[in-house]
Protein chains: 2
Amino acid sequence: MPKPSIELTESEWTIIKAVWGHEPCAAPAIQEILHKQTAWTYSTVRTLMDRMVVKGLLTAEKVRNLTLYRSVVTREQAQRGELFYALKHAFNGALTPMVQCLLDTHDLSAGDLETLESIIKARKKSARK
Amino acid sequence: MPKPSIELTESEWTIIKAVWGHEPCAAPAIQEILHKQTAWTYSTVRTLMDRMVVKGLLTAEKVRNLTLYRSVVTREQAQRGELFYALKHAFNGALTPMVQCLLDTHDLSAGDLETLESIIKARKKSARK
DNA sequence: TTGACATCTCTACAAATGTCAAGCAAAGTC
DNA sequence: GACTTTGCTTGACATTTGTAGAGATGTCAA
């Protein structure tokens, strides 16, 4: 069965995004990439990554003296998990209010609105058949 | 200044939803309301609520031997917080992909799509002027 | 005034999360 | 072969979150 809804902490998001962008990759590389953003030390990054392996979010493979990490969950899965969490808790599963809130909060450009509209149109079309 | 982005844990969501529905209310009442759902004991509910007071999510007021709690954040604020969190972490702040994901994951009825479309239309109109 | 209740307070404890330093081992370098 | 780098391993500690028992205290009815 597929993973039953994935939830990531803030730090985990930070790590996994870096991993997605550089897969397969070793901890020192990730540490360096994130250093600007986070100022985490190697130890911190390493601990985080190892814990993520235990949780099944990453895999680790030893190659010589290096440990290569890979993501187990895809960006899409993680996104869905996060979105689903918000949907479930904040909106009791109701989609339209969620979209409403989205639109209310951020002011979108006319272009954005166009895009959204066409996304919906497309969806309507594909649903029909 | 307004609260800088509110984030709630799962338990906090559970509590605050009950509070919103019964404000002002005492801990025993909330405990009872949630008992079916969560099987939490009075102590648990109480601890949770008191911690939420410390965090500024609720206020507590003593009346006789009763402590009445009230929400400090509105449902809308909390919803925005949650949504914003997802938007920021999972979608790097990009709104359209988020909506896309929403539509891809859940299959909406034709009616839902209609609703969404009209929400967007309305927004376009109000943005224009 | 004495129970019987309702409520509160205090304290505890385990697991998860956020951070990291120190020491160790393998590899490459002169 | 000694030295420097690079990466790894272990252990640690503070904070937050989840969960709750035990005992204190206030309230009210008989």
Peer 1: Name all residues meeting the side-chain hydrogen bond (donor to acceptor under 3.5 Å, both in side chains) criterion together with W13(B); count only those two or more places apart in sequence or in a different chain, and write none if there are none.
Peer 2: E82(B)
Peer 1: Determine whether more than 12 heavy atoms belonging to other residues, nucleotides or ligands lie under 6.0 Å from atom CZ of F84(B).
Peer 2: no
Peer 1: Run the side chain to side chain contact (heavy atoms under 4.5 Å, CB included) check on L116(B) and T96(A) step by step: do they pass?
Peer 2: CA-CA 7 Å; L116(B) 292 183; T96(A) 4; 3.3 Å; yes
Peer 1: Rounding to 10°, can you tell me the angle the first-five-pair axis of the helix from dT1(C)-dA30(D) to dC30(C)-dG1(D) makes with its last-five-pair axis?
Peer 2: 10°
Peer 1: Has Y42(B) got a side-chain N or O lying under 4.0 Å from the OP1 or OP2 atom of dC8(C)?
Peer 2: yes
Peer 1: Going by the salt bridge (charged side-chain N to carboxylate O under 4.0 Å, His left out) test, which pairs reach into residues 24-46 of chain A, not counting sequence neighbours?
Peer 2: R46(A)-D50(A)
Peer 1: May I ask you to say what T67(B) touches in the nucleic acid, namely base, sugar-phosphate or nothing, with a heavy-atom cut-off under 4.0 Å?
Peer 2: sugar-phosphate
Peer 1: Which residues pass the side-chain hydrogen bond (donor to acceptor under 3.5 Å, both in side chains) test with R75(B), not counting sequence neighbours?
Peer 2: none
Peer 1: Taking atom P of dG18(C) as reference, at what distance in whole Å does atom CE of M52(A) sit?
Peer 2: 11 Å
Peer 1: For T44(B), what residues pass the side-chain hydrogen bond (donor to acceptor under 3.5 Å, both in side chains) criterion, not counting sequence neighbours?
Peer 2: T41(B)
Peer 1: Among residues at least two apart in sequence or on other chains, which ones pass side-chain hydrogen bond (donor to acceptor under 3.5 Å, both in side chains) with S11(B)?
Peer 2: none
Peer 1: Ignoring backbone atoms, test whether R46(B) places a side-chain nitrogen or oxygen under 4.0 Å from the OP1 or OP2 oxygen of dT9(C).
Peer 2: yes
Peer 1: With sequence neighbours excluded, tell me which residues meet side chain to side chain contact (heavy atoms under 4.5 Å, CB included) with H22(A).
Peer 2: C25(A), I33(A)
Peer 1: Where does the chain B footprint on DNA chain D start and end, counting 5' to 3' with a 4.0 Å heavy-atom cut-off?
Peer 2: dT17(D) to dC28(D)
Peer 1: What I want to find out is whether D104(B) reaches R123(A) closely enough, with some N-O distance under 4.0 Å, to be called a salt bridge.
Peer 2: yes
Peer 1: For a quick test of reading the model, state the closest non-hydrogen atom pair linking W40(B) to H35(B) and the distance between them.
Peer 2: O-CD2, 3.8 Å
Peer 1: For nucleotides 25-30 of chain C, print each protein N/O atom paired with a nucleotide N/O atom at under 3.5 Å, atom names and distance only.
Peer 2:
none

Peer 1: Which residues in residues 22-34 of chain B have at least one heavy atom lying under 4.0 Å from any atom of DNA chain D?
Peer 2: none
Peer 1: Taking distance alone, no hydrogens or angles, what donor-acceptor pairs closer than 3.5 Å link side-chain atoms of residues 56-64 of chain A to residues at least two apart or in another chain?
Peer 2:
| residue | atom | partner | partner atom | Å |
| --- | --- | --- | --- | --- |
| E61(A) | OE1 | R70(A) | NH2 | 2.6 |

Peer 1: Under a 4.0 Å heavy-atom cut-off, which of residues 7-18 of chain B touch DNA chain D?
Peer 2: T9(B), S11(B)
Peer 1: Closest approach to the side chain of K62(B), judged atom by atom: which nucleotide of dT9(C), dT17(C), dT7(C) is it?
Peer 2: dT9(C)
Peer 1: Which sits closer to the 5' end of DNA chain C, L66(B) or T47(A), going by the nucleotide each is nearest to?
Peer 2: L66(B)
